[in-house]
Undergrad: 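Quick one: the structure is below, and I'll ask about it shortly.
Labels below follow one simple rule: chain letters A, B, ... track the order of the sequence lines, proteins then strands, and each chain is numbered from 1.
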2 protein chains.
Amino acid sequence: MARTTGSDGEKTEATIREAAVNLIARLGYEAMSMRQLASEVGVQAAALYRYFPTKEELLFTLMREHMEGLTEAWEAARPVSADPVQRLSAYVENHIAFHIERRHATHVSNMELRSLSPERLTQILRMRTAYEKELRAILRDGAETGVFSIDDTGLTAMALIQMMTGVIVWFRPGERLSIAEVTTTYLSMTMRLVGAKIDAYSAARPFGRAKDAVAF
Amino acid sequence: MARTTGSDGEKTEATIREAAVNLIARLGYEAMSMRQLASEVGVQAAALYRYFPTKEELLFTLMREHMEGLTEAWEAARPVSADPVQRLSAYVENHIAFHIERRHATHVSNMELRSLSPERLTQILRMRTAYEKELRAILRDGAETGVFSIDDTGLTAMALIQMMTGVIVWFRPGERLSIAEVTTTYLSMTMRLVGAKIDAYSAARPFGRAKDAVAF
DNA sequence: GCACTAATAAAACAAACGTTCAATTAATTC
DNA sequence: GAATTAATTGAACGTTTGTTTTATTAGTGC
């Protein structure tokens, strides 16, 4: 046997990507074999090498595209306003929405960094640092203008990111809480954590995706 | 060749444990080979099987003992006081001190859960849940007595634990911040996050290990 | 110093790994 | 409908994996 009827390169590649994210998230990169991935896709292992030259290149591609997606999502959601409270709200809402939507991909990007070669690791970390820098800038602006009260900007940024990203560990869609409820609570916790002066965040308020949350 | 001069079972086992924690933290459980571990210990791979029947049993032992250590540390640090603020302070201080001290072991316990068999996974998760339950109880008591203002106890507990445990990701001993400084800042952030009424935590205050922090 | 046990080495096992290669068939082009 | 290109199979490669078996030596008790 050889080429199968109805076979299409683009579709196969997309299927590989999807299956790889799920499999790596579940088993881990090292524990997932190429044969396992191939069988999930419904293809022989050799066929995978038409699309990705090595296993590591596949992992790297998944990570890079995930980080690019996160950056792009934030660029689309970033408010024009200079108000630190609004900007922080948008950051939190975007971060949580994105990470819940792509739980598996986030898991891969966070857990499998050590399987990358040094150069590729550096590349991913650079993207991540750039994204985190945005948060630090917001916190610094808020602290300087007196809207926030923060001890250590860098440390607070790390704490917030760990807290927000941690959502993917326990959140399961369709359980006790909706995405909207989780986001509202995290927004409230974030604002208290940074000592935001205006504290109207504990009360329930209409939920919107980051880009809609500019005006409030 | 066979038994080497000066060989001692207890010492070898301790060396294996230590090397395994470091190696698994650095490379990951799946990526670490038994031969690699053996060479780190200065022994042949077969010798490892005198101490641990399988690779997974080794991993499980490391994790179980780490969780037991965490539980014991908290039991020793838990204040007699019923005051939620004091109890929460002790919890945060103990958690951060323990996790920084045993960064590598924590990394292993958090990242390699998926390599355990279902029964062993359940056992570890049970220990973890019991530990987290302590935090939820503190938050609930504080919320009920009006000392804290919390939206969702369970969600807040998860957020706090993610935030605190996240320290091990970026903290490197001997860099910009001392353990005491980090703990102070995290304590301040925690108290603001739960909306603690008495907010004297932003100011610098003498640092003490959990068990010494009862009176303040 | 002899018997016994503890601790290890050395070699081997089958299974699984990532990857390559040649052959083969489906779709597309002209 | 012949020639070309795209997509895939099946078999094979050399390594590495966790683990077992057997033999050998160091330490210990008497």
Side-chain angles (χ1 to χ4, degrees), chain A residues 1-21 23-24 26-63 108 112 114-117 120, chain B residues 1-24 26-63 108 112 114-121:
Chain A
M1 268 137 262
R3 179 166 190 173
T4 55
T5 64
S7 62
D8 174 4
E10 277 194 46
K11 280 194 178 174
T12 306
E13 181 168 350
T15 311
I16 293 173
R17 279 176 146 81
E18 199 186 320
V21 167
L23 233 44
I24 296 176
R26 183 148 46 95
L27 311 172
Y29 169 76
E30 294 282 355
M32 178 202 74
S33 76
M34 293 300 267
R35 286 175 177 82
Q36 215 172 348
L37 173 57
S39 117
E40 195 85 359
V41 177
V43 97
Q44 287 297 110
L48 302 175
Y49 289 83
R50 252 216 140 232
Y51 304 96
F52 302 95
T54 62
K55 192 185 178 189
E56 196 205 318
E57 186 81 38
L58 167 60
L59 175 65
F60 177 67
T61 302
L62 298 177
M63 285 184 170
V108 173
E112 308 296 349
R114 58 185 163 203
S115 296
L116 292 177
S117 70
R120 288 182 177 137
Chain B
M1 270 136 259
R3 180 166 189 170
T4 56
T5 64
S7 62
D8 173 6
E10 277 193 47
K11 279 193 178 175
T12 305
E13 180 167 351
T15 312
I16 293 174
R17 280 177 146 81
E18 198 186 320
V21 167
N22 291 332
L23 232 46
I24 297 176
R26 184 149 44 95
L27 311 172
Y29 169 75
E30 294 282 354
M32 178 201 75
S33 76
M34 294 300 267
R35 285 172 179 83
Q36 213 172 350
L37 173 58
S39 117
E40 195 84 0
V41 176
V43 97
Q44 287 297 109
L48 302 175
Y49 288 84
R50 255 216 138 234
Y51 304 95
F52 301 95
T54 62
K55 192 186 178 188
E56 196 205 319
E57 186 81 36
L58 167 59
L59 174 66
F60 177 67
T61 302
L62 298 177
M63 285 184 170
V108 173
E112 308 296 349
R114 57 185 163 202
S115 296
L116 292 177
S117 69
E119 308 84 46
R120 288 181 178 138
L121 174 62

Undergrad: Expressed in angstrom and rounded to an integer, what is the separation of Leu48(A) atom CG from dA7(D) atom P?
TA: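 In whole Å, dA7(D) P and Leu48(A) CG are 14 Å from each other.
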Undergrad: If you only use heavy atoms from C-beta on, which nucleotide in dT9(D), dG18(C), dT19(D) is closest to the side chain of Met34(A)?
TA: dG18(C)
Undergrad: Atom CD of Glu10(A) and atom P of dT8(D): how far apart are they, to the nearest Å?
TA: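 The answer, rounded to whole Å, is 12 Å.
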Undergrad: I need the residues from residues 49-57 of chain A with at least one non-hydrogen atom less than 4.0 Å from DNA chain D; give them sorted by number, or say none.
TA: Arg50(A), Tyr51(A)
Undergrad: Could you walk me through whether Arg17(A) and Leu62(A) pass the side-chain contact (heavy atoms from CB on, under 4.5 Å) check?
TA: CA-CA 7 Å; Arg17(A) 279 176 146 81; Leu62(A) 298 177; 4.2 Å; yes
Undergrad: From the options dT17(D), dT8(C), dT9(D), select the nucleotide whose nearest atom is closest to the side chain of Val43(B).
TA: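 Selected nucleotide: dT8(C).
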Undergrad: How long is the span from the CD1 atom in Ile16(B) to the CG atom in Leu23(B), to the nearest 0.5 Å?
TA: 12.5 Å
Undergrad: Taking CD1 from Ile24(B) and P from dG18(D), how many angstroms apart are they, rounded to a whole number?
TA: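 Rounded to the whole Å, the gap is 11 Å.
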Undergrad: Would you tell me if any nitrogen or oxygen in the side chain of Thr12(B) comes within less than 4.0 Å of OP1 or OP2 on dA7(C)?
TA: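 Indeed not, no polar side-chain atom of Thr12(B) lies that close.
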Undergrad: How many Å lie between CG on Leu37(B) and P on dG18(D), as a whole number?
TA: 10 Å
Undergrad: According to salt bridge (charged side-chain N to carboxylate O under 4.0 Å, His left out), does anything in residues 28-53 of chain B pair up with another residue at least two apart or in another chain? List the pairs.
TA: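 Matches after skipping sequence neighbours: none remain.
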Undergrad: Using atom CD of Glu30(A) as one end and atom P of dG18(C) as the other, report the distance to the nearest whole Å.
TA: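 Spelled out: CD on Glu30(A) to P on dG18(C) is 9 Å.
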Undergrad: Could you go step by step and tell me if Leu58(B) and Ile24(B) meet the side-chain contact (heavy atoms from CB on, under 4.5 Å) rule?
TA: CA-CA 11 Å; Leu58(B) 167 59; Ile24(B) 297 176; 5.5 Å; no
Undergrad: Can you find a side chain N or O atom of Ser33(A) that sits less than 4.0 Å from OP1 or OP2 on dC17(C)?
TA: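 Yes, because at least one side-chain N or O of Ser33(A) sits under 4.0 Å from OP1 or OP2 of dC17(C).
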Undergrad: Could you tell me how far apart Glu13(B) (CD) and dT8(C) (P) are, to the nearest whole angstrom?
TA: 11 Å
Undergrad: Hey, what do you get for CG (Leu116(B)) to CZ (Arg114(B)), rounding to the nearest 0.5 Å?
TA: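 Going from CG on Leu116(B) over to CZ on Arg114(B), the span is 11.5 Å.
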Undergrad: Using the rule given for side-chain contact (heavy atoms from CB on, under 4.5 Å), can you reason through Val108(A) versus Leu59(A), listing the C-alpha separation, both sets of side-chain angles and the distance that settles it, and then say yes or no?
TA: CA-CA 8 Å; Val108(A) 173; Leu59(A) 175 65; 3.8 Å; yes
Undergrad: May I have all residue pairs that pass salt bridge (charged side-chain N to carboxylate O under 4.0 Å, His left out) and include part of residues 51-61 of chain A, sequence neighbours excluded?
TA: Glu56(A)-Arg120(A), Glu57(A)-Arg120(A)
Undergrad: Nearest whole angstrom, please: distance from the P of dG18(D) to the CZ of Arg35(B).
TA: 7 Å
